[in-house]
There are 2 protein chains.
Amino acid sequence: MGRPTVTDIAREAGVSLATVDRVLNARPGVRDKTIAAVNEAVARLGYVRDMAAANLARGRILRVAILLPDTESQFLQTLQDALQQAATLASSARMQVELLRFPAKDMHSLAMMLADLAAGGISGVALMAPETPVVRDALRALHAAGVPVVAMVSDLPNSGATHFVGIDSHAAGRTAGVLMGRFLGGKTPRVMVIAQSMLLRDSIERRRGFDAVMQRDFPGIEVGQTLETHGATETLQQVMAVSLAASGPVGGIYLLGSGHRALAQVLSELGLLGRVVTIGHELTPHTIAALEAGWMDAVIAQNVGHIARSTLRVLQAKADQQPINESQERLRLEIILRENLPPSL
Amino acid sequence: MGRPTVTDIAREAGVSLATVDRVLNARPGVRDKTIAAVNEAVARLGYVRDMAAANLARGRILRVAILLPDTESQFLQTLQDALQQAATLASSARMQVELLRFPAKDMHSLAMMLADLAAGGISGVALMAPETPVVRDALRALHAAGVPVVAMVSDLPNSGATHFVGIDSHAAGRTAGVLMGRFLGGKTPRVMVIAQSMLLRDSIERRRGFDAVMQRDFPGIEVGQTLETHGATETLQQVMAVSLAASGPVGGIYLLGSGHRALAQVLSELGLLGRVVTIGHELTPHTIAALEAGWMDAVIAQNVGHIARSTLRVLQAKADQQPINESQERLRLEIILRENLPPSL
DNA sequence: GCCCAAATGATGTGCGTACCTCAAAAATGA
DNA sequence: TCATTTTTGAGGTACGCACATCATTTGGGC
């Protein structure tokens, strides 16, 4: 015998198929006693609803929207590719994914897009966005309408996000700290920290984690203030020069966000490429190349493929009102060196 | 309009449903020209088979067997737990998993179990086993019978294994080498390598990878011969004492396989616990505790949950004659420090 | 142009579930 | 006890696909 079906439940509980159906789908008009009898039969036979058949019968196609900022970073591109691929696969499981991008600086646009989605009858939303009041209100409205919301990469704890798919940024920073401390060895015990901007929750938390470890485990290493570049190579060059002049040479560089290409250029001009321990975040074509070339020593990353698949799985589970397999959805914080780079990408 | 269905394909291609079915399921008796026409319609409409409905219609329950040695190691226990959990989940995807264990030293028993499975009409087999002639022949028989075979953790390249789920052991050894070299810093440049036995393919390849990196990148570090303990604490104590007396103190220890508990004991007795850089393999309760306690510095691991799910997915795909999503099945080689230990396990 | 095999069409059934309608039975209140 | 409401039963259709059978058409060799 294979798995029990509704028919088996009906026989076991001594009721009709219709009644089993009413109980399983919480339809009205069944006595409590009967409900209990059916549930007992379910428990006794170990019945699990065949979600595939259920969704087939419902004839429903899950419409799900994923929103990313339109920033042109390699990480976002990589993430979008992964989502695209996962979406294609998901289409064979009655799920239709709409990949949208919103103006990174215009949270009102994002809020409007979210409102439109709510009005258009979406059954799930995932997004990567900063937690501003406007966004928070829009998400709460979605939540109130019963639409599950998944925060990707950067958490949105105060916006009623149903689920967070991403790594613990503080732990990521701590990991970077340990590696920096140990890799520095006999080099100049001074570390420079560089970021494009400190507006993003992630960067702030990474920095905090990094500092915590450095203070606790490597008190002999001096860590400079965060140098903000705002994305411009010239700014990077300038702030680095000023910092080097003011505080002296450094043995390590910690890159909080993106900007690996610009850093390579400036380091090269300063004759420092490959001579300072360099640690950054996220696996992208640039960081992979940097690891292979040997001038980056380690990258702290999260698996974008995993993020994409996990996001879709969570949205599916929420729509089906099914429990989430926590252990499968828990993202690992990956340490990537040249030696354990994935075979090709 | 929702997604296109077989009916849409039939209309678009100007053929009947039966013919579409014949093409989609690669049944004989269709002209090449007609096949092309159907495939074109499929491409034009962007048809993707609804696997849920397809599997429902097939009404088949995949019977799959997984074989593990009955060795009592924590890694195997962890792996078995992960497989158990994945199997429970897979049962809701019409797959029935039989978890079997075979006597680790008796390959003839294993071969007999495999033969029984083949006779019993199994639709897929996964196993973790050494590649001996007896096993190879049994696996080839399975392969000849059209039963897909998945090698787990340790590859079986010459036995016609359909697929390998696991990490590159040579790369794992190289990674251990890099970490050892960099973590050693100013410590005594001498490393001790310990293994329970060098019979397993994995251990050999790890050792080779480790040596390759040490020779290339850290020529100043002396790496000793592999000390084999054969699982006994007394032996470990003895060989370590002999080695220390003969070659002098060491700054690092590389543990190729299991035996973390015994090592902790001996190190503690020697007053070395936490004073030598210690690197090992696989995430188990013991290694997690060791990382948390701080006497192990790094663990090179593969995600057992991923192995379990990947194994079942691959078996499913093979049974469905479907292509495998390489990027999803590619296992990452994980570096675990205290700072990036998974939140609880 | 005829024949026979190969190719295609037409049609039905079933997988496990959702959802609907109508009839029948049981419980409830007066 | 009867009327009324509530609960339950019986049965059908649909979802998208696999698979089977039988009838019909088509094409190529002669």
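Below, read A as the first sequence line, B as the second, and so on, with proteins coming before strands; counting in each chain starts at 1. As the structure is a prediction and not an experimental result, all values here were calculated from the model.
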### Bounds of contact between DNA chain D and chain B, in 5' to 3' order, using a heavy-atom cut-off under 4.0 Å
D:dG16 to D:dG27
### Partner set under salt bridge (Lys or Arg N to Asp or Glu O under 4.0 Å) for A:Asp81, not counting sequence neighbours
none
### Message
By the 4.0 Å heavy-atom rule, please label B:Ala54 as base, sugar-phosphate, or nothing.
### Response
sugar-phosphate
### Message
If you compare all heavy atoms of A:Val38 against all heavy atoms of A:Ala13, which two are closest, and at what distance to 0.1 Å?
### Response
CA-CB, 4.0 Å
### Message
So does A:Ala317 get a backbone contact from the side chain of A:Asp320, meaning a donor-acceptor N/O pair under 3.5 Å?
### Response
no
### Query
Any donor and acceptor pair, going by atom type alone, linking the side chain of B:Thr34 with main-chain N or O of B:Val30 inside 3.5 Å?
no
### Task
Tell me, please, which residues at least two apart from B:Arg27 pass salt bridge (Lys or Arg N to Asp or Glu O under 4.0 Å).
B:Asp21
### Message
Go nucleotide by nucleotide along DNA chain C from the 5' end; which of B:Ser16 and B:Ala53 gets its closest nucleotide reached first?
### Response
B:Ser16
### Summary
Contacted region of DNA chain C by chain B, from 5' end to 3' end of the hits, cut-off under 4.0 Å to heavy atoms, spans C:dA7 to C:dG16
### Task
Give one of base, sugar-phosphate or nothing for A:Asp21, where a contact means two heavy atoms less than 4.0 Å apart.
base
### Task
Can you sort out which residues in residues 31-40 of chain B have a heavy atom within less than 4.0 Å of DNA chain D? Ascending by number, please.
B:Arg31
### Task
Would you classify A:Gly59 as touching base, sugar-phosphate or nothing, given that sugar-phosphate means primed atoms plus P, OP1 and OP2, and contacts are heavy atoms under 4.0 Å?
nothing
### Summary
Nearest-nucleotide check on DNA chain D, B:Val48 vs B:Arg22; residue mapping nearer the 5' end is B:Val48
### Summary
Double-helix bend of the helix from C:dG1-D:dC30 to C:dA30-D:dT1, axes at both ends from 5 pairs, round to 10°, gives 20°
### Query
Ion pair present between B:Glu131 and B:Arg136, side-chain N to carboxylate O less than 4.0 angstrom?
no
### Message
Strictly distance-based, threshold 3.5 Å: is any side-chain N or O of A:Asp8 a donor or acceptor partner for the main-chain N or O of A:Thr5?
### Response
yes
### Query
Does any N or O in the side chain of A:Thr162 come within less than 3.5 Å of the main-chain N or O of A:Val149, such that one atom is a donor and the other an acceptor?
yes
### Query
Which is it for A:Gln80 and A:Arg101 under the side-chain hydrogen bond (donor to acceptor under 3.5 Å, both in side chains) test, yes or no, and what are the steps along the way?
CA-CA 10 Å; A:Gln80 181 173 355; A:Arg101 301 195 77 154; 2.4 Å; yes
### Query
Taking for each residue the nucleotide of DNA chain C with the nearest heavy atom, is it B:Leu17 or B:Leu56 whose nucleotide lies nearer the 5' end?
B:Leu17
#### Entry: Main-chain N/O of A:Val48 paired with A:Arg3 side-chain donor or acceptor, under 3.5 Å
yes
#### Entry: Electrostatic pair A:Arg44-A:Glu40, nearest N-O below 4.0 angstrom
yes
### Task
Take A:Glu282 and A:Gln302 through the test side-chain hydrogen bond (donor to acceptor under 3.5 Å, both in side chains) and record every step on the way to the result.
CA-CA 7 Å; A:Glu282 305 311 350; A:Gln302 43 196 331; 3.0 Å; yes
### Message
On a heavy-atom basis, which atom in B:Thr311 and which in B:Ala126 lie closest, and how many Å separate them?
### Response
CG2-CB, 3.4 Å
### Query
How would you label the contact of A:Asn25 with the nucleic acid (heavy atoms, under 4.0 Å): base, sugar-phosphate, or nothing?
sugar-phosphate
